Structures are given as structure tokens and as C-alpha cells.
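Numbers restart at 1 for each chain; the letters A, B, ... are given by sequence-line order, proteins then strands. What you see is a predicted model, and the numbers here were worked out from it, not measured in a lab. Scope of the values below: all heavy atoms of this structure, side chains included, with no hydrogens, waters or symmetry mates.
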2 protein chains.
Amino acid sequence: MRVSLKDVAERAGVSVKTVSNVVNDYPHVTPAMRARVQSAIDELGYRPNLTARHLRKGRTGIIGLAVPELGNSYFAELAGAVIDAAAQHEYTVLLDHTQGQREQEILVCQGFRARVMDGLILSPLELETEDLAARRDDVPLVLLGERRYDLPYDHIVIDNIAAARAAVRHLLALGRRRIAFLGARRDHSHQPAHLRFIGWQAELAASGVAVDDRLVATTSGWGHEDGARAMAALLDSGERPDGVFAYNDLVALGAMRVMFERGLRVPEDIAVVGFDDVTESRYAAVTLTTVSPDKEAIARLAVESVVGRLKGDQNHEAPRAARLLQPGFTLVERESTLGRRPHSF
Amino acid sequence: MRVSLKDVAERAGVSVKTVSNVVNDYPHVTPAMRARVQSAIDELGYRPNLTARHLRKGRTGIIGLAVPELGNSYFAELAGAVIDAAAQHEYTVLLDHTQGQREQEILVCQGFRARVMDGLILSPLELETEDLAARRDDVPLVLLGERRYDLPYDHIVIDNIAAARAAVRHLLALGRRRIAFLGARRDHSHQPAHLRFIGWQAELAASGVAVDDRLVATTSGWGHEDGARAMAALLDSGERPDGVFAYNDLVALGAMRVMFERGLRVPEDIAVVGFDDVTESRYAAVTLTTVSPDKEAIARLAVESVVGRLKGDQNHEAPRAARLLQPGFTLVERESTLGRRPHSF
DNA sequence: CACATCTTGTATAACGTTGGAAACAAGGGC
DNA sequence: GCCCTTGTTTCCAACGTTATACAAGATGTG
């Protein structure tokens, strides 16, 4: 049987509220009284019932974090960072994964998967603007990741176009001219349509290199398997790229596996750049050059954004305008793009 | 402003409890009444306040899961499986990570990190029996993973000794005789002391192969980096193993990276076997032979164990005795051990 | 037709906590 | 000795839900 404030109060011979005051470090409690109550607390092993506290206070101290897939190390590493950042603000994290499915993302952002959260950090893949616009739930929501929505929610994301351009520029600087893009996703109009793809396109165009659609490989997901399949299909179609920019590291590594199988050397035959800088990339047989987003900053900004809104709500402030926050990134050069280059990046 | 049962009740002109009955599908409600209340619910967009429900019912519907490190794909993948398994029982998962630090593991199992959980699944690394014995918290606890405690808690774990022996047997069958163990952990008496190590030792002994301490490399953690460092140290010491059994896949892959750097071929010069079967192992330049625990089974059993105890508590049943549950495993053979073998495994 | 039985809805009291108001001391100035 | 101030503790009412006990109406039975 759990011990409550009432039990402690009886034991110490004081009122329930006094015990509560001690527990909450309310300043106007005499040291003598504090000691007396504290010893009763210790003797009985009292632990506050958070649920009751939550009910009373109207908040739970729980932030939800929904990512597509924990099996993708990027999200796993990010989740770890979010948990730590949340702990700094005395919040705990309820983690969910959506498998990158629109249905699940809708459920999550509507709060149907877990309705205990004070705030929600969502990294959407398939969610559409209309889904988000139809959102009924009133818990603060912060968006992570590459997709853009024109809606009043804070959005934390690195400059994907700039990052992609830096990656492609790096490949161009190596003298590569047939640079494939692996991991395009198609929108309703069947055009590849995400920022990393746009960056690839833009940088090629800016450098006067022809943008060749045959070098664009679409995938259904963004894991090793998808990268491997895409690369195999590309090579089977007779294309022979000398550079590959992949949507993320997993796609890049999956693609590299296929290159090894077919006797293609990295970077001699094909130079490869990924995106995310997952740990795995630093230990591959050929280590992977990649765009490294500042995960800690992303996590910190996301948590601060949610927590900031919660504080605002609490103080009955007028809601802040939605912000676009852009943490930094770096291009980490590793073996997959080693080689003589005309000039340094 | 959130809408409560009371608001709905006023709108529908019925009592609060009747609305509650409708919400909870209480059987004795006339269809007419149900419809009337339901439409009031829909009009106002009522959503039950879970915190209040939790307070009243004495449970939260949240299970805690604490793993050492989300950056290790094994735990990330396992966490994903646990989330799914918990969802089947209408539980949500609060995820925490302990960095494999004893202090943090103690905090978690004492319930200090998050006191909202009905039950807890913990995968300990450094936690000692005495820490666990000193546990005050009364929420059901289930243990995962290799460490063994002689305490009345359900424990879900594959047969690590048998699995390790199968791995080593596989290497022996390839004709390897100098088989290193990478990733030993040392206990207080400074002896490597975990089941995978014991399995390695046992299988060597059973096959009449000398157990050579110089082939045992201890590490501080179990990531890529630790594997790389351990392998480098082993090679630097002048040892030249022809087989490596690693504590887990990350250690194996980190070690393989070092082998590549030093021009050692896998499997020709050194055959390698890992443990965990993380996705990464299937796409490495040399794919990794590994012990594949049934993660879904582990997750399912863990959740069922916790949920079962919760149900038991609710029905005031006498607590079940602690159980040791052993899901299955398979040895997945890949390129890192390919080669002619005297007989099939 | 009175009485028991079953069905459906209602009033009220919890669950454990905290915020605010009220009550009570103690001390100081007049 | 009285009033006022200041500081400390207590009392009461919430927070939103569900369980229990009960009332009221409907149905069946002798």
C-alpha cells in the first residue's frame, strides 16, 4: 500500500498541507517543523504521487517524441540527445515511432497515441500540410526535419538545401561530373521533391553540370536496404556515375555495399557522400564523407521550444509567433571522397 | 480551455456518470441515451483527461524502458519492438537511457528518473545485486539482458553461454584455433566475467583448444570505438588471431575496421563473429556472421511479463514466482566466416 | 393489484495533490 | 493590555475521473 501525504501528516501530527509545503520547499516553514515532517517522510518512505500532482497542476512533465524509425541510428542518436535535453528541464520523454507512415503520424500529432504529453516533438516524413492543419489537439507541437509546412509551428531543421549543395560541391570539386542522387521521394505530382534533392539539382545547375534524371534514384524508404536496391537498379540500368550523393548515411552505406559486390572502388570509381553522420559511417570499411547536423543543438532547440511554449501557456502569455530555427552543420570529409582535388572546399 | 465530462453532461442534460458510462462502453446504457451523449461528445470535441483517469484508477498505462545506450542499434531496434509490443496491450513506453552507468541504473530502478510508470523494463550493465536488493520501489520490474541476479525478478534473456559456444564452435569448425574474445568486462576480482566470455572459454576447452588469456581483450564500453581500440591493442601486442568472437556486432565491426586498415583480410586472415544481428551487419563491406537473438520475442516476453504482473496486482493475486524466460536465437552465417569448413555447423 | 426483480440513470464520495484564504501565534509599538 | 504586523500552519476546495450505493422506472409474477 502506497503512503500518501495524509499518512505522513498523521505520523507527524500536522496537517496535510504542511507536509506538502515541506515536500515542495515552501519557504515559510520553521526549521523545527521541517525536520519533524522530514523525519516522518523518511520513516514512512513517502514518495509523492505524480499523477495526483499532475492532475492538480494541469501538466504531466512528459514530452512526446515521435520519430519515423528507431532502427535508423540518426533518430536513435537524436532521441538520446532529446532525452538528455529534456532531463535538463525536468521533463521525461515518451518515445514513439511512426514507421514513416502518414496514418501513424496523423495519430501521433492528434494525440491519439499518447494523451499524457504536455508537448510534442514530431519528425514527420509523410505528413501533409492538410493533416497538420486539421490538427485538433492543443498541446504545443514542434516539428523536426526536412519537410516544410506553412503552419504556425516551430520548426527545427538545418538548412538542407545549403547542406546538400555543400555535399555536391565537394563531389564536383573532386572532379566528379556524373553525380547520382540516391533516395529521392516523389510527391503527388510524381516529381522528386525534397530539399536535399533540390540542393543537388541547384548545385549541379550552378556549376553548369547537366542535371540528368537518369541519375536520380527514388526509394520507398531510407534504410540500408533501400540504398542497396536503388544503387543496384541504377547500375543495372547501365548508368555509371562517378559520384553519389545519398539522402542519408544508411542509403549511402547500403549503396556502397552494392558497389563492393560489383567490384567498384570507393572513392576511385565512385565517390560517395551521405547525410546525418551516424556513428556507423566512421567505422565502415571505407569511412563515409557526410553532412553532420548538430544533433545536440537540434535536440536542445526542440526541447527549449516546447518547454518555452509550456512556460508561456502557464504564464498566460500571448503565444509567440512560429519560428524557424536552423542549427548548424558541417561536412565531414572521410575516405569515401578522398583524392586529389583542384581546390580545398 | 479543455472540455471535461461535466461540460458534456450539461450539454446533453444528463449526469456526469452517464457520460462516463458512455465513454467507457458501460453495457447498461440505452441506445437512445448513448446516441444523445455521443453527439454532445462529438460537438464539444471531448477528450478524456488521462491524468484524472490515472489518478482514479491508480495506474498510468505507461511502461518504462531503460536501456544503456540508444546509439547502439541493438537497443534502438529492441526499443522499437518493445514500443510495438506495449501498444498491443494499450501501454505506452517511456524510454530512458543509462549510459551503462551504475549510478543511473540505480536511479532508474529506484524510480527516481520517472515516477509515472506502472512497470519497468530494465536492461542493466553495471547494476549490482546489492543495488537491486536495496530497491524500495514497488513497481513491477523485469530485467533484460545478459547479467544475472539472484533476485525475485523476471528475467528475459537468451541462453548467452549456448549462443557464445555456438559462435565459437562455428569458428572452430572453420579450422580456426587462435580465437580472440573482444569485449571482456572485468568484475571486482578483475576476472572477465560475463556469460559470452564464459561460453567462449567453455567451447574452447571442450574442443581441447588452449584458452589463451592474451587473446582476451577487455573494453570499457561496447561500441565501434571500443572494438577498434581493443583490436588495435591486440594486434599491437603482437598477437595474430585467426578468429575473433566479439561481445557484440558493434565491437566486431569496429575491430574489422582496424583489420582493414592493417591489410588483414576477413575472413581469410581472421574470421569474425559478432552478437546481436544489428541491421548494419548485413550491409558491411564484409557482412558479419552473428548471433541473432529473437528481438521481437524478447520485447514481447518482457512486455507480457510486466503487464501480467500488473494484471495480477489489480486482481489482488499472490505474486507469481520470478521466472527466467529464454527466447531463441540463431547463428546467422555471413561473409565474415565464409570458407571451406570440415563439416557443416 | 401488490410485490419482487431487473434495468437504467443519478448523487456522492473518493483518488492524492496544491492554491488560496483563513486562523492562529508571537512579537512590537503605543 | 490592546491592536497591528508578520510569520507560520490549517482548512477547504478544487483538478477530472470512476466506484459505490441508491433511486426511479419498467417488467414480470403470484
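- With sequence neighbours left out, the ring-ring contact (aromatic ring centres under 6.0 Å, His included) criterion links A/Tyr26 to A/His28.
- Nucleotide D/dT8 holds its C1' atom 13 Å from the CZ atom of A/Arg36, rounded to whole Å.
- Every residue was checked against the salt bridge (charged side-chain N to carboxylate O under 4.0 Å, His left out) condition with B/Glu103, not counting sequence neighbours, and none meets it.
- Phosphate proximity of C/dT17 to A/Ser20: absent, as no side-chain N or O sits under 4.0 Å from OP1 or OP2.
- Residues of residues 48-58 of chain B having a heavy atom closer than 4.0 Å to DNA chain C, listed by number: B/Leu55, B/Arg56.
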Heteroatom pairs (N/O) under 3.5 angstrom, protein to nucleotides 23-27 of chain C:
none

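- The stretch residues 47-57 of chain A participates, sequence neighbours left out, in no side chain to side chain donor-acceptor pair (under 3.5 Å) pair at all.
- With sequence neighbours excluded, no residue forms a salt bridge (charged side-chain N to carboxylate O under 4.0 Å, His left out) with A/Asp42.
- Fit an axis to the five pairs at each end of the helix from C/dC1-D/dG30 to C/dC30-D/dG1 and the two axes sit 60° apart, to the nearest 10 degrees.
- Computed from coordinates, the A/Asp25 CG to C/dT17 P distance equals 16 Å when rounded to whole Å.
- Under 3.5 Å, the side chains of B/Tyr153 and B/Arg135 contain a donor-acceptor pair of N or O atoms.
- Remark: A/Glu130 engages A/Arg102 in a salt bridge (charged side-chain N to carboxylate O under 4.0 Å, His left out) (not counting sequence neighbours).
- A/Glu43 CD: more than 12 foreign heavy atoms inside a 6.0 Å radius.
- Computed from coordinates, the A/Arg59 CZ to C/dG19 P distance equals 11 Å when rounded to whole Å.
- Tested against B/Glu126 for a side-chain hydrogen bond (donor to acceptor under 3.5 Å, both in side chains), the candidates B/Arg147, B/Gln101, B/Arg185 yield a single pass: B/Arg185.
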Distance-only criterion, 3.5 Å: show the donor-acceptor pairs between side-chain atoms of residues 63-73 of chain A and protein atoms not counting sequence neighbours.
unit_1  : atom_1 : unit_2  : atom_2 : d
A/Glu69 : OE2    : A/Gly71 : N      : 3.3
A/Asn72 : OD1    : A/Tyr74 : N      : 2.9

Sugar-phosphate or base contact per nucleotide [nucleotides 4-11 of chain C; S, B, -; heavy atom under 4.0 Å]: ----SSBB

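- A/Asp7 places its CG atom 10 Å from the P atom of C/dC15, with the value rounded to the nearest Å.
- Although no hydrogens or angles enter the test, the distance criterion places no donor-acceptor pair under 3.5 Å between the side chain of B/Asp84 and the main chain of B/Ala81.
- B/Leu5 places its CG atom 9 Å from the C1' atom of D/dT18, with the value rounded to the nearest Å.
- In this structure, the salt bridge (charged side-chain N to carboxylate O under 4.0 Å, His left out) partners of B/Arg320, at least two apart in sequence or on a different chain, are B/Asp154.
- Here the P atom of nucleotide D/dT20 and the CG atom of B/Asn24 are 14 Å apart, to the nearest Å.
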Considering only distance and modelled atom types, tabulate donor-acceptor pairs under 3.5 Å from the side chains of residues 294-302 of chain A, sequence neighbours left out.
unit_1   : atom_1 : unit_2   : atom_2 : d
A/Asp294 : OD1    : A/Glu296 : N      : 3.4
A/Asp294 : OD1    : A/Ala297 : N      : 3.1
A/Lys295 : NZ     : A/Glu77  : OE1    : 3.3
A/Lys295 : NZ     : A/Asp276 : O      : 3.2
A/Lys295 : NZ     : A/Asp277 : O      : 3.1

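- Rounding to whole angstrom units, CZ of residue A/Arg2 and C1' of C/dC15 are separated by 13 Å.
- No side-chain donor-acceptor contact under 3.5 Å links A/Asp187 and A/His194.
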